[in-house]
There are 2 protein chains.
Amino acid sequence: MDFSIGELARRTEVKVPTIRYYEQIGLLPPPPRTEGQQRRYDKNAVARLGFIKHARELGFDIEAIRAILSLQDNPDQSCSVADRIAKARLAEVEERIASLNALRAELQRMVEECASGRVAECRVIETLADSSNGHGRLVET
Amino acid sequence: MDFSIGELARRTEVKVPTIRYYEQIGLLPPPPRTEGQQRRYDKNAVARLGFIKHARELGFDIEAIRAILSLQDNPDQSCSVADRIAKARLAEVEERIASLNALRAELQRMVEECASGRVAECRVIETLADSSNGHGRLVET
DNA sequence: GTAGCCCCTATAGTGACTAGAGGTTCAAGA
DNA sequence: TCTTGAACCTCTAGTCACTATAGGGGCTAC
């Protein structure tokens, strides 16, 4: 029911040194060790690390992930704190979805034009070039 | 109708050294210079840099952005090349949208529970913890 | 023409990993 | 039980994508 860092790495597809790095910076709690100082993990670690992996792939930085995980780790903390973090992340997530939808539409158009034998004009830049749409980085206030 | 690197930085909200860095690695073409070797930009540069900024915020790495921009820069290149790049990026974009939708739903649920006065149980980890859903990195083949 | 802000290049530092060196532990088989 | 080799340990250094600093030169307003 518990396993090594290598097994955790295989299950999550996160590299072993990255797992140790996450522990070092406090994203993963220090796990129990064997007599010989080797780390032993359980299913909770798989879930937590899987979440971190996903969130990183989605472009959240470590501090944002730390904030989201703190919701999980302190379910009893004041509602207002959790609410503020969740709302800020929610706004960021919604903006990202909107931008990705626009980019998807343009990529789809290009693929379709290709399929119909025409050389695609590429307008990805116009699709995503507007810098005045409030896409700045969100910060907890 | 043309302006300095500082003005480009203000218009795009990209920092001056970052603009020079993008030029150095070939994401931005070298612009014309004044007699005194200062860079001058036009509206095209604003659009291209705005696109790059957005794409970085969405988590695309430099090589992915380079590939997408190459569609724009070589509209006459073979359809099969453009198609391959566009399809790979499209798949990646769709996976990201799906993950973000799941995360959004969970964050919304938490915000709603907070609004109703209950302390939120946080289940963000369960929402996004599954690492066996094919979220690996896509690569051009 | 000179003050002051902006630009130049070049180098070094940061965040988030990733790889390597050099040594130790664990478990499977003899 | 003993051995052996894969997997583990710590520590340091390197990579990618910036970001900041140093030291100097250009440009416009008075």
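Naming: A, B, ... by sequence-line order, numbering from 1 per chain.
- Phosphate proximity of dT10(D) to R33(A): present, with a side-chain N or O under 4.0 Å from OP1 or OP2.
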Please set out all donor-acceptor pairs under 3.5 angstrom arising from side-chain atoms of residues 1-9 of chain A, sequence neighbours excluded.
from	atom 1	to	atom 2	distance (Å)
S4(A)	OG	G6(A)	N	3.3
S4(A)	OG	E7(A)	N	3.2
E7(A)	OE1	R10(A)	NE	3.4
E7(A)	OE1	R10(A)	NH2	3.3
E7(A)	OE2	R11(A)	NE	3.0

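- When DNA chain C is scanned in the 5' to 3' direction for atoms under 4.0 Å from non-hydrogen atoms of chain B, the outermost contacting nucleotides are dC7(C) to dT9(C).
- Taking a pair as Watson-Crick or G-U wobble with both distances under 3.5 Å, the runs of three or more consecutive pairs in DNA chain C are C:1-30 with D:1-30.
- Distance from the side chain of S4(A) is smallest to dC8(D) among dC18(D), dA20(D), dC8(D).
- Take N101(A) and apply the side-chain hydrogen bond (donor to acceptor under 3.5 Å, both in side chains) test, not counting sequence neighbours, and it matches R104(A).
- Under the rule for a side chain to side chain contact (heavy atoms under 4.5 Å, CB included), the partners of N44(B) that lie at least two apart in sequence or sit in another chain are D42(B).
- Looking at residues two or more places apart in sequence or on another chain, you find no salt bridge (charged side-chain N to carboxylate O under 4.0 Å, His left out) involving R20(B).
- Listed by chain and residue number, E63(B) satisfy the salt bridge (charged side-chain N to carboxylate O under 4.0 Å, His left out) test with R66(B) (two or more places apart in sequence, or in another chain).
- Across all their heavy atoms, R40(B) and T34(B) have their closest contact at NE-CG2, 3.4 Å.
- I52(A) has its side chain within reach of L28(A): a pair of non-hydrogen atoms, C-beta onward, lies under 4.5 Å apart.
- At a threshold of 4.0 angstrom between heavy atoms, the contacts of I25(A) with the nucleic acid are absent.
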Please tabulate, one pair per line, each protein N/O and nucleotide N/O from nucleotides 24-28 of chain D that are separated by under 3.5 Å, including the distance.
from	atom 1	to	atom 2	distance (Å)
dC27(D)	OP1	T34(B)	OG1	3.1
dC27(D)	OP1	G36(B)	N	3.2

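- Across the protein-nucleic acid pair, I5(B) atom CD1 and dT19(D) atom C1' stand 14 Å apart, rounded to whole Å.
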CA sep, side-chain torsions, deciding dist, call: Y41(B), L49(B), side chain to side chain contact (heavy atoms under 4.5 Å, CB included): CA-CA 11 Å; Y41(B) 295 94; L49(B) 184 52; over 6 Å; no
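- Side-chain atoms of L27(B) and Y21(B), non-hydrogen and from C-beta on, never get closer than 4.5 Å to each other.
- Expressed to the nearest 0.5 Å, how far CG of L100(B) lies from CD of E92(A) amounts to 9.5 Å.
- Within residues 16-24 of chain A, the residues approached by DNA chain D to less than 4.0 Å at the level of any non-hydrogen atom are R20(A), in residue-number order.
- In this structure, V46(B) and T12(B) approach most closely via the heavy-atom pair O-CG2, 3.8 Å.
- The nearest pair of heavy atoms linking R56(B) to I65(B) is CD-CD1, 3.4 Å.
- Spacing between atom CD of E63(B) and atom C1' of dT15(D) amounts to 13 Å, rounded to whole angstrom units.
- Residue pairs that meet the side chain to side chain donor-acceptor pair (under 3.5 Å) test with at least one member in residues 22-33 of chain B, sequence neighbours left out, are E23(B)-R39(B).
- For the pair L27(B) CG and dC18(D) C1', the interatomic distance rounds to 12 Å; values are reported in whole Å.
- Taking atom CZ of residue R56(B) and atom C1' of nucleotide dC18(D), one finds them 9 Å apart after rounding to whole Å.
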